[in-house]
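Count residues from 1 along the sequence.
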Amino acid sequence: MGGHCLWDGTLSPNDFIASADDLTKKWMAINPNLPQWTWIPCQRMDVSCNAEGYLALENMYQLSASEVNAPTDDENYSAEEAPFDNATLIQSYNDDMHIYDFHIVYSFSYQVPVLYFRGYRCDGHPLHLCDIEKDLPPYSSKIRNESKWTFMTQEEHPYLCCPWYTLHPCGTSDWMKLLLGGDLPSKNPDMLHYLSAWLSVVGQTVGLRIPLELHDKSI
């Protein structure tokens, strides 16, 4: 990239892999007792790339809609105010729990990460989008309703070849350019922290609470 070119908000496959490694290490340091992001090496039939694969965070347990929406003693309770350890998504075993899997996949078309996710009941039956939307905290619905860049759709997982829900990546490069200060004319932002910054936005959209420590570059 020339010195007079502005960064366009995208990242290369190699930067994606490096940033994925950084994210997994930070997540482990901050949340050692929670399910961990894991790099899954995998090869797509339609793309040839060294060290190809995706990040997976699986078996995250979430209260069903009836439990989440149950009244509390504090009428002013807000999910946004809950500390991360008491976040909406928790690891537990209960008949009233929904299970969620999250995958971060690199899009070779858009050159940005894409979040794929699925939910299912403890008996293995998949959740429909209407069920998933009921599980999401109120502020998540607000984000999705106000933003044209975070709408959900269902499409085939590029590696697993089965339908997953996803957040469409059409506007990702635009808001990442704003988020990481991509208007700097002299140099690119630190791409190592790209996924941590990106996840801080998309994680909220699907109810995955992200600790503030994830932005600490010293970790």
Side-chain angles (χ1 to χ4, degrees), residues 10-11 13 16-17 19-21 23-24 27 34-49 51-65 68 87-91 97-137 140-141 143-145 147-173 175-176 194-210:
T10 64
L11 78 167
F16 172 75
I17 294 169
S19 188
D21 182 64
L23 173 60
T24 57
W27 190 271
L34 290 180
Q36 297 298 309
W37 286 103
T38 304
W39 178 259
I40 308 297
C42 194
Q43 190 72 33
R44 286 173 56 178
M45 297 298 294
D46 59 335
V47 176
S48 177
C49 176
E52 190 181 347
Y54 59 91
L55 276 178
L57 178 68
E58 301 186 339
N59 296 319
M60 296 292 287
Y61 286 72
Q62 178 170 332
L63 284 169
S64 65
V68 171
T88 302
L89 294 182
I90 60 176
Q91 186 180 24
M97 293 289 177
H98 290 167
I99 306 169
Y100 282 85
D101 297 335
F102 301 94
H103 289 179
I104 300 176
V105 179
Y106 181 78
S107 170
F108 290 90
S109 299
Y110 289 92
Q111 299 180 32
V112 295
V114 182
L115 183 68
Y116 286 81
F117 62 98
R118 64 178 180 177
Y120 45 96
R121 305 182 191 280
C122 291
D123 59 7
H125 284 80
L127 298 176
H128 298 294
L129 182 58
C130 60
D131 299 317
I132 293 174
E133 289 178 333
K134 291 177 182 178
D135 282 345
L136 301 180
S140 174
S141 298
I143 292 173
R144 288 184 294 110
N145 290 335
S147 175
K148 64 180 180 180
W149 294 333
T150 54
F151 65 91
M152 296 179 183
T153 185
Q154 188 178 50
E155 62 182 54
E156 186 176 275
H157 191 294
Y159 291 100
L160 303 182
C161 300
C162 58
W164 280 53
Y165 292 103
T166 183
L167 296 179
H168 200 279
C170 61
T172 299
S173 60
W175 58 260
M176 284 301 297
Y194 188 107
L195 280 185
S196 295
W198 169 84
L199 189 61
S200 69
V201 176
V202 300
Q204 295 182 64
T205 307
V206 296
L208 180 60
R209 300 292 296 277
I210 307 300

How many angstroms lie between [atom1] in [X] and [atom2] in [Y], if you round to the nearest 0.5 Å?
X    : Y    : atom1 : atom2 : answer
M60  : F117 : CE    : CZ    : 14.0 Å
I40  : Y159 : CD1   : OH    : 11.5 Å
R118 : Q154 : CZ    : CD    : 12.0 Å

Any side-chain to backbone donor/acceptor pair from [X] onto [Y]? Under 3.5 Å, distance only.
X    : Y    : answer
S107 : P113 : no
Y165 : M152 : no
H168 : C170 : yes

Tell me the closest heavy-atom pair linking [X] and [Y], and the distance in Å.
X    : Y    : result
W27  : L199 : CZ3-CD2, 4.4 Å
L55  : A20  : CD1-CB, 3.6 Å
L195 : S19  : N-OG, 2.9 Å
Y54  : I104 : CB-O, 3.3 Å
T172 : Y194 : CG2-OH, 4.3 Å
G207 : L136 : N-CD2, 3.9 Å

Check step by step if side chain to side chain contact (heavy atoms under 4.5 Å, CB included) holds for H98 and L127.
-> CA-CA 8 Å; H98 290 167; L127 298 176; 3.5 Å; yes
Report the relative orientation of the aromatic rings in Y116 and H157; use parallel for angles under 30°, tilted for 30 to 60°, perpendicular for over 60°.
-> tilted
Specify whether F16 and Y106 have parallel, tilted or perpendicular ring planes, treating 30° as the upper limit for parallel and 60° as the lower limit for perpendicular.
-> tilted
For Y100, the option from D135, V206, L208 that meets side chain to side chain contact (heavy atoms under 4.5 Å, CB included) | D135
Give me the one residue out of P158, P169, S109 that meets side chain to side chain contact (heavy atoms under 4.5 Å, CB included) with V114.
-> P169
